[in-house]
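Per chain, numbering begins at 1; letters A, B, ... match sequence-line order.
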Amino acid sequence: MTTVTRFAPSPTGLLHLGNIRTALINWLYARTNNGKFILRIDDTDLERSKDEYISQIKYDLDWLGIDFDETFNQSSRFDRYREQFEKLKADGRIYPCYETSEELERKRKLLIAAGGKQVYDRSAMELTDQQKKDYEAEGRKPHWRFLLKTERMKWDDLLKGEIDIDLTSLSDPVLFREDGVPLYTFSSAVDDIDYGITNVIRGDDHTSNTAVQVEIINALDQNKITFAHHALLKASTGDKLSKRDNVISISSFREANMEPISILSLLATIGTSNSIELKDNIDQIKSEFKLSTISTSPGRIEIDVLNALNKKQVQKYNFSEIEERLKKIDEKIDQKFWETIRGNLNVVEDIKQWTDIVFNSETIKPSDKDYIKIAMELIPDDPWNDETWGQWTSAIKEKTGRKGKELFLPLREAFTGLNHGPEMKLLIQLLGREKIIERVEL
RNA sequence: GGUCCCUUCGUCUAGCGGUUAGGAUAUCUGGUUUUCAUCCAGAAGAUCACGGGUUCGAAUCCCGUAGGGACCGCCA
């Protein structure tokens, strides 16, 4: 049997590190098992789903290099859900309920106050035909609940091991809303069957939901799906990840000029027993992937780790690999420029700061004027090479008697305006004799 | 309140009854780079959440407690 996995985001927000980790794991599981990976857009909630999020999701996946073999929207399958709904209805597995949201909300609050189980009381099952008729006459339309019959649902979770859930602690799930729209719990079960999903790998937040879904799947067909639940990721503060938390959205990282491989490397190592390191590419991640390395305890995202990985990647880039990108930032960036500057960048685009410094025409007034004056008197003639800086500073040293930081730092500041940066030996060659003379305002 | 899960260096983790509790990353120190970064070498860092129990022996098995998370929606 071919392995088939799926990633099923709802287009109600941006993909974040947590979501994309689930996507990556499913993708990796499919790809390493010679299987299929399906992207399913869970957009049954028409009001909250937005087209812009659908395209964002696809863009994010593509940007990271996570490809899929097939994609579909749940909104295109309402007929099928209706069909399966009729089947459950005929089998007597679902029952109509007439409570309004407000009534249910009130009931729930009462249950909480009483300190009892916050589980739907199944009072709709007691309704007589006449009562139902009366409700309908009132203009009420029923929503439909699935009757949970199993007391304990057990399965062998690929990540968590033996799971044994008490289904009596859960409410009978609503499968169809009053307006006829199927809910996730149902549509997902239907699709997982119809599309031959063999492995559902998802976050721990779905664990008890899985118990419910397995019973639904069994009511429709015989469950053949193997489930795996991974621990959720936490924010670096220890809080839960939120969809509305833009700082960890994939698009925000893209806007911050983060490299895809840095994000992938983080996701492939965080919350796993793998070494925290930068991977060469997604193929390497694929070849090293093992589901069992994923931890069952929630890990936290340290943005500093991501930043460090990104910095490593930036410094690893050969000029030829990102020449096009660099030319877009500034035509004048050449190989020598890149190799001189890259060690001082956190993200590739930071190079702008250095094209400004090297190519602009602003002058700098040195604070240590007398010293710089002496230095400028000793400026070597063209052509400059790797030896120039050493010769020049030796001459300055001899004349002024300065050494170490006192000797070098004022020069760096006078030429670049910064107290840190690439090796001066190389940097002055990028600047050139003429530019340095122009720059220093005495 | 109920159900299910989690807890080992700052962080991510290995560990399946006997280990000097291992690795990665971050940190610190030294060397290289006449700065920073890189690189190399080294160091420090964990009363294994707590309390009991079982055992000759527990991070590991059992019970309890605490802390954290998830779910108990006409969201997904």
Please name the pair of heavy atoms, one in [X] and one in [Y], separated by the smallest distance, quoted to 0.1 Å.
{"X": "A:F186", "Y": "A:F176", "answer": "CE2-CE1, 3.4 Å"}
{"X": "A:I201", "Y": "A:T22", "answer": "O-CG2, 3.6 Å"}
{"X": "A:A231", "Y": "A:D204", "answer": "CA-CB, 4.2 Å"}

- prompt: Looking only at side chains, do A:S123 and A:K107 share a donor and an acceptor under 3.5 Å apart?
  reply: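 Side-chain D/A pair, A:S123 to A:K107: present.
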Those residues of [range] lying under 4.0 Å from RNA chain B by at least one heavy atom:
{"range": "residues 176-185 of chain A", "answer": "A:R177, A:E178, A:L183, A:Y184"}
{"range": "residues 133-152 of chain A", "answer": "A:H143, A:R145, A:R152"}
{"range": "residues 286-297 of chain A", "answer": "A:S295, A:T296, A:S297"}

message: Can you tell me if A:T168 touches the phosphate of B:rG2, counting only side-chain N or O atoms and a distance under 4.0 Å to OP1 or OP2?
response: no
- prompt: B:rU13 phosphate, OP1 or OP2: any side-chain N/O from A:T269 under 4.0 angstrom?
  reply: no
Taking only the [atom1] atom of each, what is the distance from [N] to [M] in whole angstrom?
{"N": "B:rC36", "M": "B:rG45", "atom1": "C1'", "result": "26 Å"}
{"N": "B:rC4", "M": "B:rA43", "atom1": "C1'", "result": "43 Å"}
{"N": "B:rU19", "M": "B:rG64", "atom1": "P", "result": "28 Å"}
{"N": "B:rA49", "M": "B:rU8", "atom1": "P", "result": "6 Å"}
{"N": "B:rA14", "M": "B:rU34", "atom1": "C1'", "result": "43 Å"}
{"N": "B:rC16", "M": "B:rA21", "atom1": "P", "result": "14 Å"}
{"N": "B:rG67", "M": "B:rC75", "atom1": "P", "result": "33 Å"}
{"N": "B:rC9", "M": "B:rC28", "atom1": "C1'", "result": "15 Å"}

Please enumerate all residues that pass ring-ring contact (aromatic ring centres under 6.0 Å, His included) together with [X], with sequence neighbours excluded.
{"X": "A:Y135", "answer": "A:Y98"}
{"X": "A:Y29", "answer": "none"}
{"X": "A:W144", "answer": "A:F85"}

- prompt: How would you list all residue pairs meeting salt bridge (charged side-chain N to carboxylate O under 4.0 Å, His left out) that involve residues 268-280 of chain A, not counting sequence neighbours?
  reply: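 Found A:E277-A:K279, A:K279-A:E288, A:D280-A:K316.
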For atom [atom1] of [X] and atom [atom2] of [N], their distance in whole Å:
{"X": "A:R108", "N": "B:rG2", "atom1": "CZ", "atom2": "C1'", "answer": "15 Å"}
{"X": "A:L110", "N": "B:rG1", "atom1": "CG", "atom2": "C1'", "answer": "14 Å"}
{"X": "A:L159", "N": "B:rC4", "atom1": "CG", "atom2": "C1'", "answer": "16 Å"}
{"X": "A:F227", "N": "B:rC71", "atom1": "CZ", "atom2": "P", "answer": "17 Å"}
{"X": "A:I165", "N": "B:rG2", "atom1": "CD1", "atom2": "P", "answer": "16 Å"}
{"X": "A:M153", "N": "B:rC72", "atom1": "CE", "atom2": "P", "answer": "17 Å"}
{"X": "A:Q118", "N": "B:rC72", "atom1": "CD", "atom2": "C1'", "answer": "6 Å"}
{"X": "A:E162", "N": "B:rC6", "atom1": "CD", "atom2": "C1'", "answer": "18 Å"}

- prompt: Would you find a donor on one side and an acceptor on the other, under 3.5 Å apart, between the side chain of A:E321 and the backbone of A:N318?
  reply: yes
message: Could you check whether any side-chain N or O of A:R433 sits under 3.5 Å from a backbone N or O of A:W384, counting only pairs where one atom can act as donor and the other as acceptor?
response: no
Can you tabulate the close N/O pairs, meaning under 3.5 Å, that link protein atoms to atoms of nucleotides 22-24 of chain B?
from, atom 1, to, atom 2, distance (Å)
B:rA24, O2', A:I276, N, 2.6
B:rA24, O2', A:I276, O, 2.9

task: Please identify each residue that fulfils side-chain hydrogen bond (donor to acceptor under 3.5 Å, both in side chains) with A:T150, with sequence neighbours left out.
output: A:E215
query: Do other residues, nucleotides or ligands put more than 12 heavy atoms under 6.0 Å from A:D51 CG?
result: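 For A:D51, atom CG is not crowded (no more than 12 foreign heavy atoms under 6.0 Å).
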task: Taking atom OH of A:Y59 as the centre, report whether more than 12 heavy atoms of other residues, nucleotides or ligands fall under 6.0 Å from it.
output: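 12 or below, so no.
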Output yes when [X] and [Y] qualify as a salt bridge under the 4.0 Å nitrogen-oxygen rule, no when they do not.
{"X": "A:E136", "Y": "A:K133", "result": "no"}
{"X": "A:R6", "Y": "A:D191", "result": "no"}
{"X": "A:D334", "Y": "A:K336", "result": "no"}

field: A:G299 or A:I163, whichever maps to the more 5' nucleotide of RNA chain B
entry: A:I163
message: Between A:S10 and A:R48, does the side-chain hydrogen bond (donor to acceptor under 3.5 Å, both in side chains) criterion hold? Intermediate values first, please.
response: CA-CA 9 Å; A:S10 71; A:R48 300 203 307 145; 5.7 Å; no
Counting only Watson-Crick pairs (N1-N3 plus N6-O4 or O6-N4) and G-U wobbles (N1-O2, O6-N3), all under 3.5 Å, who is the partner of [N]?
{"N": "B:rC75", "result": "none"}
{"N": "B:rA58", "result": "none"}
{"N": "B:rC39", "result": "B:rG31"}
{"N": "B:rG64", "result": "B:rC50"}

field: Verdict with supporting geometry, A:R108 and A:E105, salt bridge (Lys or Arg N to Asp or Glu O under 4.0 Å)
entry: CA-CA 5 Å; A:R108 212 172 290 127; A:E105 185 61 32; 2.8 Å; yes
- prompt: Which is true for A:E99 with a 4.0 Å heavy-atom rule: it touches a base, it touches only sugar-phosphate, or it touches nothing?
  reply: base
message: Under 6.0 Å from the ring centre and within 45 degrees of the ring axis: does the NZ or CZ of A:R402 meet both conditions for the six-membered ring of A:Y371?
response: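 Cation-pi check for A:R402 and A:Y371: passes.
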field: NZ or CZ of A:R145 within 45° of A:Y120 ring axis and under 6.0 Å
entry: yes
task: List the steps and the verdict of salt bridge (Lys or Arg N to Asp or Glu O under 4.0 Å) for A:R325 and A:E259.
output: CA-CA 12 Å; A:R325 241 171 99 184; A:E259 305 298 318; 2.9 Å; yes
Restricting both atoms to N or O, compile the protein contacts to nucleotides 67-70 of chain B shorter than 3.5 Å, with distance only.
from, atom 1, to, atom 2, distance (Å)
B:rA70, O2', A:D205, O, 3.3

Measure all distances between protein nitrogen or oxygen atoms and nitrogen or oxygen atoms of nucleotides 58-60 of chain B, and list the pairs falling under 3.5 Å.
none

- request: Please report the C-alpha distance between A:E52 and A:K50 in whole Å, then the side-chain angles of each, then the deciding distance to 0.1 Å, and finally whether the salt bridge (Lys or Arg N to Asp or Glu O under 4.0 Å) criterion is met.
  value: CA-CA 5 Å; A:E52 57 181 280; A:K50 292 211 171 72; 5.7 Å; no
Per-nucleotide protein contact string for nucleotides 32-43 of chain B (B base, S sugar-phosphate only, - none; heavy atom under 4.0 Å): -SBBBSS-----
message: Ring centroids only, cut at 6.0 angstrom: are A:F68 and A:F7 within range, meaning strictly under it?
response: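 Ring centroids of A:F68 and A:F7 are no less than 6.0 Å from each other.
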